[in-house]
Undergrad: 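Here it is, the structure, as C-alpha cells.
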Amino acid sequence: MTRESKYRILIVDDSDEMREVFSMLLRSAKVEILGAATGEDALTQFKTAPPDLVLLDYDLPGISGLDVLKVIRERGDQPEVPVIMVSGSGLPEVRYGSIEAGANDFQPKDCDLADLTVRVQRFLDIHDAQLDLERERRQQGERLNLLIQGAALLAGGAHPDVIYAGLDKEVQGQLGIRIASVLELTSAGKQLRLVYPEKEILIRDDIDPGLASALEKWENCEEPVEGEPGVVASPRHPPGRLWFPYRASGRLLGAIGYHQADGSRAPLGSDASVGPVMAALSRLIGLAAENRELSAAERERAGYEIEMRSAIVAQEGVLPREIPADDRFDTAAVSIPARSTGGDYFGYFLYADGSRGSFMSDIVGKGLEAAMRTMVLNTLVREHGPLARGPEELLRRINSVLHDRLDGSDEDPIPCTAIRFGSAGHPDEIELANAGHELPLVVRADGSAAYVPFHSSFPLGWHEPPRVAASSIRLAPGDTLVLYSDGLLDIQQSSDAVIGAGKLADWLGLEKSPLAALAVRRAVERVKRMDSQPDDVTLILVKGTNPIASGDLVTHLTAEGVDYFCRSTLENVGRVRKASAEFMTSLGVSGDDVFNITSVLTEIHTNAIVHGQAGRLDQPLRIGIREAIGGLELEVEEFHCGGYQPPVGPSRSGLRDGGGMGLVLARKVMERLEWVPTERISLRVRMIWKRGG
C-alpha cells in the first residue's frame, strides 16, 4: 500500500548535537522529524503526536531511556511502534537490558550512519506492513458485516443467541416465517447441538429419521449444493418445518429449521418464493463462516510474515559484512536460512593478544525469539572475545553470563564452537574449543578426512562451571578445517548420503576447490538444489595458507580449461590479461579474437574492482576459461562470503551499472552474457564466445 502521509520519527537525546546529526541523516520529503531532550518530553510527544519510529538515547536526565521504553511498551499499541535504542556505552547489560525491555534494535552512537539509515527504513517498512494488516482486519470485518442486512450478526463472531435472534427478526419481517431451531454438528459428528432457540445436546440417533437422512446426504454431498431442498419433519416436530443446510469450506456445519410465523399448519414449502430465498440465505451464512475462517488464517499468515521480516532484519545485523583477509589462512563462510529464520550464527573478532578468532553457534528455535537470542549471543562474543586469551576461556566467560540468564528459565542451552587462527609460536595452528556443537572436520590435502577429536562437552548455559572440550590442529598447505551446523547433516541425510567424515568431505567436494570461497559457493548450490531444507545451514571453511594473499596470480588447470585466482586489484588486471591471452592462443584462437575477448575480461575485471560489494577493494576473483562446443565459455566471478545484500540487478549486458566502453564491446563480441548471483557468496558474469561469430 502506498503511504500518503509522512513518516513521523521521534529522536530523543539530551544532546542538541546528536539530535541534529540524526535529524540531518534521516530527514527527507517522506519524513517528519520530532525531537525531545528528556524522557518527559518524549512521553508528551508520544501522546500528542504518536510517531512511526523512535530513536531513543539510553542515557537521559531524569526519566531514563529504559524507563521511557517500558512506558511505551506498557501502552499496548497494536502494532507496536519500532524503537531503536542508542547509547555511547558498550556494556553487555545495556545492550541486553534494552532488547529485553522491548527495543527492536540496539546501536552504538558511533555506529555506521549509512547502515543505521537502512535499518530505520526497514523498520518503517515493517511498521507500515503492520498498519496495513490492522487496516485489513478492520476492512475485513466491515465487508463481512455487509453481507446482508442482519448478516453482520453472522460475521462478527457474536454469540449464537444474538446472531440467530437478529436473523429471526429479519426473516419474520421480510418473509413472514420464523426460525424453529438451529442445529450444529459437533466436531465428532456423532452429536448435534441445538444452538437456537434453546441450548441442548442431541444424540444424532434420536432426531427425526427424515432429518437424519437429509443430514447424511448433505454431509456426503449426495444432494446438489446449489438450491439444496429442505426436509419436512414428522408430526412430532412443529408442523410445516423446513430445514436448510449451511456449510463452510465444503464441510456441513449445521442446518436451520423454519416454520410459519403465524403458527399455522400450512406447509412452508407451499410458497414457491420461500425455498430459494432460504437456500440462498443458508449459503450466505456458510460463506460468512468460511470468510471468518479464511480471514483468520490470512491474518495469522500475515502476522507470521511480519515477524519473520523483523527476525531477518535483526539477524542480518549480526552476520559479518565481510570475511577479514589473512595472509596465512584462506577463509570463507555462509549462513543459508531455511524457510523460517532460525538461530544459526557465526562471527569474527580479535582475542586479547590481537590474534583473529571465529565463533559459530546454533540457537534452538525459530523466528523473532531466536533472532533476538542471536543478537544477545553476538553481544557476548563481541564483549568477551577481546578479553579472552583463547577459545576455551571465551566459552567459559560466555557460559558464566548465560547460566545466570538461563537458570530457571525455559530457554535452551546453546551449542557452539570457538577457534583461534594461529598463535605467536605456531602461526599454522588452529586452536578450537567445543561446547556441545557438531565435531569439526579436517580434510587433508591428500583427500583423507577425520573429525577433530574432542572429549564430551555440554552446550553453554547448562552448567557452571561448563564442560568444554579443547583441541588444536595444524593445517598444512591444502588442508581444510570445516565447521558446520547440524542443518548440513540434515541436508546430507536427506540426500541418502552415509554420514561420516569421508562422505561429508566428498559431498562438499573440497578437493576440487583450490579457494575456500569456491568450495562454499559449490556447497550452497548443492543445498539449493535439494527438494527441501529442513533447517538453517551454516558453514565455515579454513584452508591452510592463503594462495592469493600475496596478490599474485594463481593458475589452476582443470580437465575443461583453466581458472585464474587473484585479488581484485588493478595490479592483477594486466597479469590476468596476459595469462588468459597466452592460454587462448594455445587453443588456436586468432589474435584479433584474443584481443577482443581479453578486453571484455578486463572490462568485467575492472567493473568488479570499482563496484565490489561491502566496500572491499581486494576481494577474491576467479577468471575461468574453458572450451565449449564451437567456442569458449568464460566466467568472471567475485567472491564475498558475508552478510551483504546482492545488487539490485545487472544491466542488459549482464553487468552491473557503471561499466564503460567494454560493455559495448561485450555485446558485439559475445554471443551470450548472463548474470549468475549466488546469495551471499559470489557474483558471476558468464559469457559464451563462438568461433567465427
Side-chain angles (χ1 to χ4, degrees), residues 147-148 150-151 153-155 159-290 292:
L147 283 171
I148 63 168
L153 302 167
L154 306 170
H159 194 277
D161 288 344
V162 178
I163 292 175
Y164 293 110
L167 184 60
D168 199 5
K169 180 179 178 181
E170 290 297 326
V171 295
Q172 282 189 66
Q174 296 184 33
L175 299 175
I177 61 176
R178 294 201 61 174
I179 295 180
S181 51
V182 182
L183 298 177
E184 289 185 351
L185 276 69
T186 61
S187 58
K190 299 297 183 183
Q191 294 178 322
L192 294 169
R193 182 181 292 109
L194 181 64
V195 297
Y196 184 83
E198 298 173 355
K199 296 179 182 177
E200 62 176 297
I201 298 296
L202 304 175
I203 304 301
R204 192 160 180 170
D205 294 340
D206 292 342
I207 66 171
D208 175 80
L211 177 58
S213 175
L215 284 172
E216 185 175 353
K217 289 182 178 180
W218 291 331
E219 265 191 304
N220 299 327
C221 293
E222 294 177 9
E223 297 288 353
V225 175
E226 189 69 26
E228 284 176 302
V231 175
V232 178
S234 69
R236 60 188 226 188
H237 290 281
R241 181 182 298 190
L242 203 61
W243 293 93
F244 293 91
Y246 62 98
R247 50 171 48 86
S249 302
R251 311 186 322 275
L252 179 67
L253 299 183
I256 306 178
Y258 298 90
H259 61 65
Q260 295 287 0
D262 59 7
S264 70
R265 300 180 65 87
L268 191 60
S270 62
D271 186 344
S273 66
V274 171
V277 172
M278 290 295 95
L281 182 57
S282 296
R283 289 195 296 276
L284 197 57
I285 293 169
L287 178 62
E290 188 167 7
R292 282 200 302 274

Undergrad: Could you pull out the closest heavy-atom pair between His259 and Ala180, with the gap in Å?
TA: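 In terms of heavy atoms, the two residues are closest at CD2-CB, 3.2 Å.
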
Undergrad: Test your reading of the model: is there a side-chain donor-acceptor pair from Asp168 to the backbone of Arg178, 3.5 Å cut-off?
TA: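 Checking the backbone N and O of Arg178 against the side chain of Asp168, no donor-acceptor pair under 3.5 Å is found.
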
Undergrad: Determine, stepwise, if the pair Trp243 / Ile256 fulfils side-chain contact (heavy atoms from CB on, under 4.5 Å).
TA: CA-CA 5 Å; Trp243 293 93; Ile256 306 178; 5.8 Å; no

Undergrad: Given side chains that start at C-beta, do those of Tyr258 and Ser181 come closer than 4.5 Å, heavy atoms only?
TA: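 Side-chain contact under 4.5 Å: no.
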
